[in-house]
Amino acid sequence: MNKLPGRIPSVADGDTAACQTGDFSEVLSGLRGATILGINPPAFDFTFFDFWSKPLGLLFILDALREQGNDIHLVDCIYEGATEPLSFGRVRVERTEVRKPPPFAHIPRRYHRFGMNEEAFLQRLRCLPKPDYILVTSGMTYWYEGVRWCIGHLREIFPSVPLLLGGVYARLCPAHAVRSGADMVQTEPLRLELNGPAMDLYDAPAYGVLMTSFGCPMACEYCASRRLSPSYTERSVGEVLRDAARQFALPGVHHAAFYDDALLINKERRFYPLCETLRTRFPHVQYHTPNGLHVHEIDRRCAEELKRTGFTTIRLSLESTDPGFQRRGSNKTTAEEFQFACAQLVEAGYDIRRVETYILAGLPGQSLRSVEESIRFVQRCGARARLAEYSPVPDTPMFEEVAARMPELRREPLLSNKSVFSTYVAGILAPEAMQSLKNLAGEKP
Ligand code: SF4
C-alpha cells in the first residue's frame, strides 16, 4: 500500500465548543407535545444510486416520537431530490456538481451533491413550523459534507433550535462529528420503544422498507455491523408483518426492500413463517434484498420460498474465492456452497444471469488476479458479479490495519470513500486496473 503523498489538506471544521456527545435517549423519550423535525442529508460523492435507500433508523425514531404525542416532520433531501422513477420503485436523484474538497483535489473525477438543491431545501424549511428539536441522521462516514451542508442551512432558518446528530457517521466518527455544528452527537444506540418506520411521512413512496433483525451474528474484519448493533436481535414475525401492513396500505407501494444484514439466519423460525403470510396477504408486492444474502443458507426450500414470495432482486454475498479473504470474511461461504446455491435458485425458477453476487475489490493485500478469479468463478456459475469497492470502516479490524500505515484515515473520513480509496488514496489497485475489473464484471464505465 502506498503512503499518501505529503500532508493531505483537510476540510474546515465547524465550532466544537458547545457540542455534547453521549446517549440522548432519555432526552428524546421525555419529549411530549413537541414539534420535531427529522432530516436526511444529501450525499456528497462521485457516484450515487438509489438502492432502495431510506433513513430507516430515523424513520423508526420519528414514529416512536409520534407515539409519545409529538408533532413530527421529515425532510429527506435524497427522496425530495428525485428527478425520475427507475425500476422497482427506485428513483434517479438530482445531482449538482460541487467543488471537490481539498483531499480530492488531485482526483480526476467529478464530484456532486446528490439530492435537493440549496434553494429547494431552504424553501422547504421556511414552510415548516418552527421545531423544538431537530434530528439529523447520517449515513456513510465519508458523506459528512452533506451533514455539514444541512446543519449550516438549518442554522440559518432555525438558529437557536437544539440539534441532535445521529446515524452511522455520528456513531463511528464521534470525534469528527462534534465539529459538524450539531449541539449533541448520539454516540450510543438509541433506547426508545420502537414500533416501525414512519414511511407515511413520504408523500408518495413507491416502496416500503422491512427489517426482521438488527445486526449480524458474524464478525467480518471489514464490516461495522457488530459495532453498530453490538448484539444480533431478531424481531418477531408479528412485528414485521405489522410494519408491512402499515406500509403496503399506502397507495402506490408495490415493492419492499429488506435491510437485514442476516435475513436468512434462523430462517425456519423467522423468514419462512414471514414469507408464508406475505404471500397470502400481500400477493401484489415484489421484494428486494440490496444487502447480500448469506449463500450458505440457500437450499432448495429457501430458494423456493424466495421465488414464491416474490423476491425479485436477489443479491448474494460471496466477496472472494480466495481462502485468505474468505477467512477474514468469517468463512461464511465456500465456492461449493455458492455453486449449490446457484443451482437451487435456477431450480426454483430464477434467471441466474440476473442474480448479482458481491465481490470485494481493493482490500489491503488483495491482488488484481485474486479479484479476477473471483469474478470468473461467479461467471462460470452462470451468475453476475457485482464489484463492491472496499472502504475502510472505522472501528473494524481491517481499518485498524490500514490506519496503522495511513494515520490520515483517522482524521479525515473522506479518504475512506469507496469510489477512490483503493485506487487514488491507498494505491492498492491502479484506477485502470479497477476499471478493467468493472469491465470484466460487465459494469458500465
Ligand atoms: S456477514 Fe455481512 S453483515 Fe455480517 S459481519 Fe459479515 S459482512 Fe457484515
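All ligand and atom numbering here is 1-based and tracks the order in the structure.
- In this structure A245 satisfies the side chain to side chain contact (heavy atoms under 4.5 Å, CB included) test together with R281, F282, sequence neighbours excluded.
- With a 6.0 Å radius and a threshold of 12 heavy atoms from other residues, nucleotides or ligands, R92 has its CZ atom at or below the threshold.
- Residue contacts with ligand 1 for R226 are absent, since no atom lies close enough (heavy atoms, distance under 4.0 Å).
- In this structure, F46 and F104 have tilted ring planes: the angle between them lies in the 30° to 60° band.
- At most 12 non-hydrogen atoms from other residues, nucleotides or ligands lie less than 6.0 angstrom from CD of E193.
- With hydrogens left out, the protein atom closest to atom 1 (S) of ligand 1 is H294 NE2, 3.1 Å, a heavy atom.
- Below 30°, between 30° and 60°, or above 60°: for H106 and Y424 the angle between ring planes is above 60°, a perpendicular geometry.
- Considering all non-hydrogen atoms of both residues, T141 and P413 come closest at O-CB, 3.6 Å.
- Using a cutoff of 4.0 Å between basic side-chain nitrogens and carboxylate oxygens, E297 and K332 are not scored as salt-bridged.
- At a cut-off of 2.8 Å, measuring from atom 6 (Fe) of ligand 1, the protein N, O or S atoms that fall short of it are C220 SG, waters left aside.
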